[in-house]
Every structure is written in C-alpha cells, then in structure tokens.
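See below for the structure under consideration.
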2 protein chains.
Amino acid sequence: MKTAWEGKLLNYLKNKGLRHSEARTKVASVVAESEEHFDIQQLVARVQKKYKDIGAATVYRTVKTLVEAGILRETFQGSAGVSLFEFTSEDHHDHIVCVDCGSIFEFHDEALEAIQARTVQSHGFEEVRHQHVIYARCRLLQKGTPE
Amino acid sequence: MKTAWEGKLLNYLKNKGLRHSEARTKVASVVAESEEHFDIQQLVARVQKKYKDIGAATVYRTVKTLVEAGILRETFQGSAGVSLFEFTSEDHHDHIVCVDCGSIFEFHDEALEAIQARTVQSHGFEEVRHQHVIYARCRLLQKGTPE
DNA sequence: GTCGATGCAAAGCATTTGCACAGAA
DNA sequence: TTCTGTGCAAATGCTTTGCATCGAC
C-alpha cells in the first residue's frame with residue numbers, strides 16, 4: 001500500500017521527468033514522520049541521525065522539490081529568522097504563535113477563509129496560497145498552554 | 001513643526017534611555033521618505049547614497065530600534081527570502097503579492113479583521129500583531145503555466 | 001552508457017559582533 | 001567626563017554551488 005506522500009512524490013517526479021532516487025525517498029520519509037513545525041537545520045539533523053550518508057545540501061535540495069510536489073508546505077519565519085515547514089495534511093489551517101512562549105497553535109475558520117476569498121476576488125486576483133500568522137499572547141487568561 | 005515619526009522616535013529613545021544620535025535620525029529620515037516595501041539592503045544603499053558616513057551595521061541596528069519604536073513595520077519575506085519593511089502609517093493593511101509579476105497590493109477589510117479578532121479571542125489569545133499575506137495572480141484571465 | 005542526483009567542501013551572502021574611537025548627556 | 005553609539009572589518013551561520021562520482025533509467 002502506498003501512502004499519500006509516496007503517491008504525490010512519484011507523480012511529481014514522473015511529471016517533471018526527475019529521478020526517483022533513494023535520497024529523495026529517505027528525506028521525504030523523515031518529513032512524513034515529522035508532525036511539528038521544523039526548519040531545515042532540524043530536518044538535516046533528523047535525516048542524518050537516521051541515514052548517515054545523506055549530505056545537508058541534498059536535504060536543502062530535496063526540501064525545494066518536496067514543496068513543489070505539495071508534500072511540504074513553507075509556513076512562516078521562526079524566531080531565528082528561518083522559514084519553518086510542515087508536512088502537508090489535507091486540512092488547511094493558519095497559525096497563532098505565542099510571542100511569550102513560542103508555542104504554535106493551528107486554527108481554521110471557514111468564515112474567515114470565505115471573506116478572504118471574497119476580498120481577493122473583488123480586487124481582481126486569483127489566490128494561489130496564503131500565509132496568515134497571528135502573533136499573540138496565550139497566557140493572558142491563564143488558560144493552558146496550547147500545544 | 002515635528003513630524004509623527006520624529007515624535008515617536010524621541011519618545012521611544014527617551015523612554016528607553018537611549019541616545020538621540022545623528023545616525024539614528026538620518027536613517028529614520030530616509031525610512032520616512034520611502035513609501036514602498038523595501039529590504040534592509042536597499043535601505044542601506046539609500047542611506048549611504050545620501051549620507052556617505054553611515055555604516056551598514058548601523059542601519060541594521062537602527063532598523064531594529066525603529067521597529068521597536070513603531071516607526072517601521074516588518075511585513076513579509078520578499079522573493080529573495082529577506083524580510084521587507086514599510087514605514088508605519090496610521091492605517092493597518094494586509095498584502096496581496098502577485099506570484100507572476102511580484103507587485104504588492106495593499107488591502108484592508110473590516111469584516112476580515114473582525115472575524116480574525118473573534119477567532120483569536122475564542123482560542124484564549126490576546127493578539128499582538130498579525131501577518132496576512134496572500135499570494136495570487138493579478139492577471140485573472142491568464143492561464144497558469146505548468147512547465 | 002547517459003545524464004541527472006549526490007556528497008563534500010568551498011563559496012556566497014545577509015546579518016551580527018568585537019573593538020577602538022566618536023559624540024551625546 | 002562617562003558611557004552609549006558608530007564605523008569598519010572580521011566573524012557567523014544559513015544556504016547554494018562546483019565538481020568528481022554515483023546511480024536511476
């Protein structure tokens with residue numbers, strides 16, 4: 001049985017005439033196991049921990065490929081100023097980042113998406129993707145820290 | 001007569017116990033003249049064109065100060081992967097960036113802001129700021145170009 | 001066998017930092 | 001005078017690239 005990301009990857013590589021190499025599969029599999037938001041440096045570390053023979057440059061090159069294949073999604077800049085990525089799931093969501101503790105909370109609001117779509121269209125654009133990040137404080141109301 | 005940014009700068013420096021140096025004023029004045037979205041490299045070029053004696057490091061250091069003072073706002077990453085800044089005006093707005101031509105369109109939608117505020121609050125957060133960028137195509141009738 | 005993909009190390013680049021000097025307070 | 005701010009250059013750290021080799025097709 002083939003997982004969704006394997007299908008996407010094979011399909012993308014085939015369409016682009018790219019090769020189905022071992023390194024690409026290995027990096028993709030590590031990405032698929034990563035639930036959280038991560039930057040490329042962290043991914044390099046994880047990949048190299050599991051597969052000693054993969055160079056950092058390959059991870060950088062593969063990440064670009066995976067984003068184009070729709071397997072990875074570039075989200076927003078982390079505190080270090082580098083882009084964070086996440087494994088693409090079916091459901092679209094946006095992010096709230098706590099400026100105090102750095103925790104990342106995912107949310108999805110149909111009404112918000114609908115209004116956004118209307119706004120974009122009314123200005124004559126056709127949306128490709130969007131990045132909506134809200135920086136906020138999560139401890140104000142003494143609620144639990146969102147995971 | 002004092003402009004808004006001069007007031008903000010003096011006030012911020014005073015509150016923080018920082019010095020009102022010539023370099024800070026010069027960089028701020030160049031920022032105030034810049035209407036568009038720009039990255040720090042571009043700002044360095046503009047500053048040094050007008051004032052030969054200001055180092056790049058000072059511009060980097062001053063940009064941080066101006067952001068904290070509320071005179072500059074960090075918006076989103078440009079195509080080169082570096083952050084773009086804009087001079088802070090009174091009206092809040094978000095951005096639509098054309099993925100084809102790179103042009104930047106500013107929009108403001110009250111309904112969208114209202115729903116966003118509701119969403120943030122319902123999850124127990126207190127918003128500090130947000131970054132909402134929509135990547136889209138500005139030429140609606142043009143077909144995409146899959147290679 | 002071809003030619004794209006990879007690993008390694010070097011290069012590239014934006015940004016930060018160390019340090020001696022300049023200049024606000 | 002005191003001590004922060006600045007200019008310069010070196011250092012840093014992430015990312016890309018050149019090149020010889022490897023491997024998918």
Side-chain angles (χ1 to χ4, degrees), chain A residues 6 9-30 37-69 72 74-85, chain B residues 6 9-31 37-69 72 74-85 147:
Chain A
E6 287 174 307
L9 181 58
L10 289 175
N11 190 53
Y12 176 78
L13 295 177
K14 188 168 187 177
N15 282 337
K16 287 283 184 177
L18 302 174
R19 291 177 182 172
H20 180 215
S21 71
E22 204 178 330
R24 287 210 249 248
T25 306
K26 285 177 175 173
V27 173
S29 73
V30 173
H37 303 79
F38 56 88
D39 61 36
I40 303 192
Q41 297 280 313
Q42 294 172 316
L43 180 59
V44 168
R46 286 182 202 161
V47 168
Q48 295 188 333
K49 185 178 174 186
K50 191 164 182 181
Y51 307 104
K52 319 277 190 219
D53 59 333
I54 293 187
T58 297
V59 177
Y60 276 90
R61 287 186 278 234
T62 304
V63 162
K64 284 189 177 176
T65 304
L66 297 180
V67 168
E68 285 166 17
L72 257 190
E74 186 169 359
T75 58
F76 55 93
Q77 281 196 326
S79 53
V82 296
S83 287
L84 299 185
F85 295 82
Chain B
E6 287 173 307
L9 180 58
L10 289 174
N11 190 51
Y12 176 79
L13 294 177
K14 187 169 186 177
N15 282 337
K16 288 283 183 176
L18 302 174
R19 292 177 181 172
H20 178 216
S21 71
E22 203 178 330
R24 288 210 249 248
T25 306
K26 285 177 176 173
V27 172
S29 72
V30 173
V31 158
H37 303 78
F38 55 88
D39 61 36
I40 303 192
Q41 297 281 315
Q42 295 172 316
L43 180 59
V44 168
R46 285 181 202 162
V47 169
Q48 295 189 334
K49 185 177 175 186
K50 191 164 183 181
Y51 307 103
K52 318 277 191 220
D53 59 333
I54 293 188
T58 296
V59 176
Y60 276 90
R61 286 186 278 233
T62 304
V63 162
K64 284 188 176 177
T65 304
L66 296 180
V67 168
E68 286 166 16
L72 257 190
E74 186 170 358
T75 59
F76 55 92
Q77 280 196 325
S79 53
V82 295
S83 287
L84 299 184
F85 294 83
E147 302 93 293

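Proteins come first, then strands; the chains are lettered A, B, ... in the order of their sequence lines, and each starts at number 1.
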Measure [atom1]/[X] against [atom2]/[N] and give the value in whole Å, please.
{"X": "B:Q42", "N": "C:dT15", "atom1": "CD", "atom2": "P", "result": "11 Å"}
{"X": "A:L10", "N": "D:dA24", "atom1": "CG", "atom2": "C1'", "result": "13 Å"}
{"X": "A:D39", "N": "D:dT15", "atom1": "CG", "atom2": "C1'", "result": "12 Å"}
{"X": "B:Q77", "N": "C:dT15", "atom1": "CD", "atom2": "P", "result": "10 Å"}
{"X": "A:I54", "N": "D:dC22", "atom1": "CD1", "atom2": "P", "result": "17 Å"}
{"X": "A:H20", "N": "C:dT6", "atom1": "NE2", "atom2": "P", "result": "11 Å"}
{"X": "A:F85", "N": "D:dT15", "atom1": "CZ", "atom2": "P", "result": "8 Å"}

When you match A:Y60 and B:L18 each to their closest nucleotide on DNA chain D, which lands nearer the 5' end?
B:L18
Please confirm whether the shortest side-chain N or O distance from [X] to OP1 or OP2 of [N] is below 4.0 Å.
{"X": "B:Q41", "N": "C:dT15", "answer": "yes"}
{"X": "B:R24", "N": "D:dG5", "answer": "yes"}
{"X": "B:S21", "N": "D:dT4", "answer": "no"}

Start at the 5' end of DNA chain C and walk down; is the nucleotide closest to B:I40 or to A:R19 reached first?
A:R19
What's the closest nucleotide to the B:E22 side chain, out of D:dC25, C:dT15, C:dA24?
C:dA24
For B:E68, look at atom CD and say whether over 12 heavy atoms of other residues, nucleotides or ligands are found less than 6.0 Å away.
yes
Taking all heavy atoms of [X] and all of [Y], pick out the closest pair and write down the distance.
{"X": "A:A23", "Y": "A:T58", "result": "CB-CG2, 3.9 Å"}
{"X": "A:K26", "Y": "A:S29", "result": "O-OG, 2.7 Å"}
{"X": "A:F85", "Y": "A:T75", "result": "N-OG1, 4.2 Å"}

May I ask you to say what B:A23 touches in the nucleic acid, namely base, sugar-phosphate or nothing, with a heavy-atom cut-off under 4.0 Å?
sugar-phosphate
Under 4.0 Å, counting only non-hydrogen atoms across every strand here, what does A:D53 touch: a base, just sugar-phosphate, or nothing?
sugar-phosphate
Donor-acceptor contacts, no H, no angles, side chain residues 43-51 of chain B, under 3.5 Å, sequence neighbours left out:
unit_1, atom_1, unit_2, atom_2, d
B:R46, NH1, B:S34, OG, 2.8
B:R46, NH2, B:E36, OE1, 3.0
B:Q48, NE2, B:I54, O, 2.8
B:K50, NZ, B:E33, OE2, 2.8

So OG of A:S83 and CD of A:E74: to nearest 0.5 Å the spacing works out to 3.5 Å
Check each residue of residues 61-68 of chain B for a non-hydrogen atom within less than 4.0 Å of any atom in DNA chain C, then write out the ones that pass by number, or none.
B:R61, B:K64
Contacts of type salt bridge (charged side-chain N to carboxylate O under 4.0 Å, His left out), residue B:K64, not counting sequence neighbours:
none
